[in-house]
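A note on names: the letters A, B, ... follow the listed sequences, proteins ahead of strands, and every chain is numbered from 1. Side-chain atoms are counted along with the backbone in the values below, which use heavy atoms only and exclude waters and symmetry mates. These numbers were taken from a predicted model, which means no experiment stands behind them.
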Amino acid sequence: MASDLTKNKGLKRRKFLKYTGVGVGLMIGGVWLGRNPIRRKIFELAETMIAPYQGDVSDPLIWIQVTPENQIILHSSKVEMGQGSFTGLAQLAAEELEVDVEKIKVVHAETASGNIDGMGTGGSMSVATLWKPLREMAATMRLMLAKKAAEKLEVSIDDLAFANGVFSAKNRGITYGEIVDGVTDWEIPETPVLKKRSRFKHIGKPIVRVDLYDKVIGAPIFGIDASYSDMLFASVVRSRLVDATMSNYDTSVAENMPGVIKIVKEDDFISVIAKTQVEADNARHKITFDYTTNRSWNIADVEKEITVGNGRKTIIQKEGKSIEEIDEDGDIISLEFRSPIGAHAQMEPNGAVANYKDGKVEIKISTQVPKVTRDEVASALGLSKEDVNIVPTFLGGGFGRRLHTPNAIQAAKMSKAVGKPVKSFFDRKQEFQNDTFRPPTHHVMKAKISKDKKILGIEHQFASGDTLFNSALDPGVEQMMRADIGSIRGGAIIYDLLPHRTTYYHVDLPFATSFWRSLGLLANAFAIESFMDEIAINTNQDPIQLRLNSISNDNPYGERARKVIQACADKAKYTDQISNGKAMGFASTVDGGSPCAHVVEVSIEDDEIKVHKVTVAFDCGIAVNPDQVRAQIEGCVCMGISASMFEKMDLRDNKLYPINYGAYKMALMRHTPREIDIVLLEGADYPGPVGEPPMGPIGAAIGNAVRRLTGKRLTTLPLSLG
Amino acid sequence: MKISFIINGSTKSVEVSDGNAPLLWSIRDGLDLKGTKFGCGKAACGACTIHVDDMAVRSCSYPVKMAEGKKITTIEGLSQEGNLHPVQQAWKEEVVPQCGYCQPGFMMATAAMLKEIPNPTDQDIDDNIINVCRCATYYRMRKAIHRAAAINSKNL
């Protein structure tokens with residue numbers, strides 16, 4: 001044991017541990033990505049989605065705290081929004097600290113701690129990007145503890161034994177807590193050699209979630225549960241219309257409503273502050289104002305804008321001729337697909353609790369981007385970043401909705417205006433009308449098939465709106481990139497043995513759009529994988545064999561993708577035959593380097609599509625926590641069914657509808673498949689993305705099953721037989 | 001106006017300026033019991049589900065004045081003397097929660113259903129458990145509901 005600790009090869013003492021990353025392979029090998037090498041690199045990164053962690057991983061002391069009471073606290077810069085990262089990260093730390101996961105309490109790192117993640121939590125990157133750095137910090141921390149233990153026991157570090165969380169020598173033992181007691185100076189040594197996979201005790205085990213108990217007893221852990229003593233409640237006026245400005249506010253009635261303390265009028269918003277939430281909301285409803293709209297917007301106008309051919313064109317893949325240029329004789333088949341505006345509908349509304357005092361502000365908030373929240377609040381209030389402390393809470397769902405936090409700025413300004421802590425939350429109507437939606441999409445899929453049923457080429461052209469561009473990126477990135485790397489996620493054709501092309505059209509929309517779990521993947525995979533099924537039918541091929549025969553070993557994930565496709569088909573016993581009124585549908589994707597395939601079993605009952613069973617094969621590399629990987633797959637399948645079969649926003653006379661649950665149709669318990677059968681493959685020696693890739697295949701898989709049942713190709717989400 | 005009721009076994013009073021205000025806010029902000037969640041404000045999602053006189057009620061749409069003299073149970077009162085309720089125990093054993101926000105409402109709805117239907121079929125669950133979970137943990141919830149029924153029947 002002791003000899004392990006002193007094996008110090010590799011990195012010298014580092015300021016920033018340059019995480020070289022794993023799997024930063026090309027998803028789309030050797031294709032036309034523009035001549036700008038930086039643009040090309042960003043495209044590659046976006047497609048593989050394993051970028052290095054962006055923050056300080058050189059100092060274990062800002063991540064791992066050992067208390068004299070022998071409690072280990074992991075301060076996580078990644079937030080917990082249900083994806084289970086707190087548990088996965090605890091497993092990584094436990095592995096090198098040589099303690100049980102239950103010994104580790106995971107908390108959100110406040111920005112004032114200095115443990116700040118530059119990227120934020122999203123993209124299914126938390127465990128993937130911290131895989132090596134966190135284990136290195138934990139190993140380094142343990143070496144630091146060992147050195148101090150040797151000092152305190154007055155022995156050489158080589159003479160230390162270790163068992164059950166206790167270092168010992170000369171019949172004396174010392175716990176981690178006893179080691180840190182009274183120690184104020186720590187020297188950070190070189191990083192020890194990490195344990196080999198064969199020696200893992202915690203990684204790869206289905207350990208129960210570290211936040212399980214709190215979530216079963218209903219503990220007050222969310223942003224909306226946060227409070228300060230003597231806190232007031234705010235209700236902010238928000239626009240009901242898109243592409244409109246508000247003016248001529250009349251607050252005279254609101255000012256005299258019960259409980260009202262103050263009407264806050266800032267340059268960019270107006271709000272009521274009252275003693276209770278109900279009083280604040282009641283008074284806000286009495287504020288009148290006028291709208292000025294720039295133009296009229298209906299959903300048909302949006303669909304007209306979001307149409308292939310409009311907007312800024314970027315060629316993503318150029319492996320072969322365009323369909324019209326192919327000289328060989330054959331038939332051109334073509335299908336158009338559309339996906340709607342999607343709402344996040346996360347259960348906890350957005351909001352913040354701010355306490356402004358003496359030129360400093362502390363904000364408790366559910367945010368996916370604590371650093372961005374801090375920087376924006378500092379900028380808006382003219383404070384230094386050090387004078388703003390963001391205290392992240394557990395998130396009542398994220399899904400990309402909490403990458404924009406102007407609510408934090410508003411809460412801070414209101415707290416400053418009223419001189420007391422202020423809690424400010426959206427109501428549900430405001431959530432639906434002021435969401436940062438999943439942008440709608442339009443796709444034109446084309447293929448040319450020769451007389452002897454050879455596929456001469458396949459082409460994907462699609463149009464969508466902002467996802468990444470509307471996030472906290474430097475505006476220069478949009479200029480440089482042209483194509484929104486979030487919207488194009490899943491848009492590239494992975495079947496590299498077929499001549500193929502992909503072209504993206506970026507369209508500006510009159511309402512905010514942004515990240516929505518898996519970004520472009522849901523819609524792009526629906527179009528591509530539905531069309532692949534149509535090609536299989538057109539060329540009289542088995543849909544599984546068509547895909548297996550179309551992916552080469554030149555792709556870094558090619559072999560893994562084929563194994564996943566085969567494993568899924570085998571497990572589900574895939575067949576084209578209809579049995580007892582049920583048909584199967586197949587689809588597969590590779591997202592962020594994690595291949596996934598679905599087989600669904602579907603029937604039609606009372607003119608409604610019913611999904612009975614979903615078989616999933618998934619390869620995320622190492623499954624740090626196989627139970628939580630399964631939980632994410634189950635969640636993706638059911639949320640994917642919801643998005644594919646039920647959800648859509650409408651726009652009428654500049655108003656977004658619906659404005660609440662119920663009217664915004666979603667899959668509920670009764671729509672949940674009775675069986676979800678999961679096969680986990682671990683085809684890489686590192687953990688890849690988990691929380692989004694399994695969203696990819698579901699929509700197309702259902703549509704493909706319906707095609708086999710009815711002969712009808714569904715080309716619009718949400719899927720409808722009507 | 002002052003409203004009094006028995007909540008989780010204790011008699012409590014809340015002072016409100018509007019008797020038609022939702023009971024939810026008196027529970028959350030007045031009594032600082034934060035396990036009951038705000039989701040929609042229109043009784044459409046079930047995140048705020050509590051028991052009023054042993055019936056499942058969506059407290060975001062239940063006027064506080066109606067609670068006068070009634071017996072209320074929230075998620076904090078579901079467990080007894082530190083022991084998890086069979087529904088909570090089942091939720092734990094099946095590792096149901098992801099983000100966890102909607103889970104108290106689901107557990108309250110399930111506990112109420114099991115009083116009426118001790119051994120629900122899948123169809124019973126489909127018909128009675130109609131809350132919204134955006135993480136879509138329905139698959140494990142269904143298992144947990146069956147498990148809770150099994151735990152209950154062992155206790156009998």
Trainee: Quick one: of B/D122, B/V96, B/I130, who has the most non-hydrogen atom pairs under 4.5 Å with chain A?
Mentor: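 It is B/D122.
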Trainee: Counting only non-hydrogen atoms closer than 4.5 Å, does A/Y213 touch chain B with its backbone (N, CA, C, O), its side chain (CB onward), both, or neither?
Mentor: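 Only the side chain of A/Y213 comes within 4.5 Å of chain B.
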Trainee: In terms of heavy-atom proximity below 4.5 Å to chain B, should A/F426 be classed as side chain, backbone, both, or neither?
Mentor: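 Contact with chain B: backbone only.
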Trainee: Check whether A/D627 gets within reach of chain B through its side chain, its backbone, both or neither, counting any heavy atom under 4.5 Å.
Mentor: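 When you check distances to chain B, atoms from both the backbone and side chain of A/D627 fall under 4.5 Å.
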Trainee: Name the region of A/H344, side chain, backbone, both or neither, that has any atom closer than 4.5 Å to a heavy atom of chain B.
Mentor: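 Only the backbone of A/H344 comes within 4.5 Å of chain B.
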Trainee: Between A/K215 (side chain only) and B/Q98 (backbone N and O only), is there a donor and an acceptor less than 3.5 Å apart?
Mentor: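 Yes, the answer is positive, given that a donor and an acceptor are paired below the 3.5 Å cut-off.
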Trainee: Write down the atom of A/C638, the atom of B/A136, and the distance for their closest heavy-atom approach.
Mentor: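 Closest approach of A/C638 to B/A136, heavy atoms only: CB-CB, 3.4 Å.
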Trainee: Under 4.5 Å heavy-atom distance to chain B, tell me which part of A/M81 shows up: side chain, backbone, both or neither.
Mentor: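 It is the backbone, since no side chain atom gets that close.
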Trainee: At their closest point, which heavy atom of B/Y101 faces which heavy atom of A/P349, and how far apart are they?
Mentor: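 Closest approach of B/Y101 to A/P349: OH-CD, 3.8 Å.
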Trainee: Where on A/K275 is there a heavy atom nearer than 4.5 Å to chain B: the side chain, the backbone, both, or neither?
Mentor: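 Looking at A/K275, nothing touches chain B.
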Trainee: Spell out, as yes or no, whether a donor-acceptor pair under 3.5 Å connects the side chain of B/Y139 to the backbone of A/I676.
Mentor: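 Yes: the side chain of B/Y139 pairs with the backbone of A/I676.
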Trainee: For B/N131, which residues count as a side chain to side chain donor-acceptor pair (under 3.5 Å) partner, sequence neighbours excluded?
Mentor: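 Per chain and number, B/N131 pairs via side chain to side chain donor-acceptor pair (under 3.5 Å) with B/R58.
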Trainee: What residues form a side chain to side chain donor-acceptor pair (under 3.5 Å) with A/R401, not counting sequence neighbours?
Mentor: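 Testing A/R401 for side chain to side chain donor-acceptor pair (under 3.5 Å), a comparison that skips the adjacent residues, returns A/E431, A/D435.
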Trainee: Can you tell me which portion of A/A663 sits under 4.5 Å from chain B's heavy atoms? Options are side chain, backbone, both or neither.
Mentor: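 Nothing of A/A663, per the 4.5 Å heavy-atom cut-off to chain B.
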Trainee: Tell me, out of B/Q89, B/R142, B/K92, who's got the most heavy-atom pairs with chain A below 4.5 Å.
Mentor: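 Greatest number of close heavy-atom pairs with chain A: B/R142.
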Trainee: Looking at side-chain heavy atoms only, is the closest gap between A/Q277 and B/F38 below 4.5 Å?
Mentor: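 Heavy-atom side-chain distance check fails, nothing below 4.5 Å.
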Trainee: Report the option among B/E76, B/Q103, B/M107 that has the most heavy-atom pairs separated by less than 4.5 Å from atoms of chain A.
Mentor: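 Top count of heavy-atom pairs under 4.5 Å with chain A: B/M107.
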Trainee: Quick one: does A/R428's side chain have a donor or acceptor within less than 3.5 Å of a partner on B/G41's backbone?
Mentor: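 It does not hold such a pair.
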Trainee: Report the C-alpha separation of A/R630 and B/V95 in whole Å, then their side-chain angles, then the decisive distance to 0.1 Å, and conclude whether the side chain to side chain contact (heavy atoms under 4.5 Å, CB included) test is met.
Mentor: CA-CA 11 Å; A/R630 287 171 184 275; B/V95 196; over 6 Å; no
Trainee: In a table with atom names and distances, give each donor-acceptor pair under 3.5 Å that connects a side chain of residues 77-88 of chain B to protein atoms at least two apart or in another chain.
Mentor:
unit_1 : atom_1 : unit_2 : atom_2 : d
B/H85  : ND1    : B/V87  : N      : 2.9
B/Q88  : OE1    : B/H85  : N      : 3.0
B/Q88  : NE2    : A/V216 : O      : 3.1

Trainee: Which atoms of A/E647 are under 4.5 Å from chain B, going by heavy atoms: the side chain, the backbone, both sets, or neither?
Mentor: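 Side chain of A/E647 only, per the 4.5 Å heavy-atom cut-off to chain B.
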Trainee: Under a 4.5 Å cut-off applied to non-hydrogen side-chain atoms, are B/R140 and A/E634 in contact?
Mentor: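 SC-SC contact between B/R140 and A/E634 confirmed.
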Trainee: Heavy atom to heavy atom, less than 4.5 Å: which residues from residues 9-36 of chain B reach chain A?
Mentor: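 From residues 9-36 of chain B, the residues near chain A are B/S17, B/D18, B/A21, B/P22, B/W25, B/R28, B/D29, B/K34, B/G35.
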Trainee: Please classify the contact of A/T276 with chain B as side chain, backbone, both or neither, using a heavy-atom distance under 4.5 Å.
Mentor: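 Neither part; nothing is under 4.5 Å.
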Trainee: Using non-hydrogen atoms and a 4.5 Å limit, figure out which bit of A/I217 sits close to chain B: side chain, backbone, both or neither.
Mentor: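 Contact with chain B is through both the backbone and side chain of A/I217.
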Trainee: Quick check on the interface: out of B/I75, B/T74, B/V132, B/D127, who has the most heavy-atom pairs with chain A under 4.5 Å?
Mentor: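 Going by pairs under 4.5 Å, I would pick B/V132.
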Trainee: Using a cut-off of under 4.5 Å for heavy-atom pairs, which of A/M347, A/R517, A/Q628, A/R670 has the most such pairs with chain B?
Mentor: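 Most heavy-atom pairs under 4.5 Å with chain B: A/M347.
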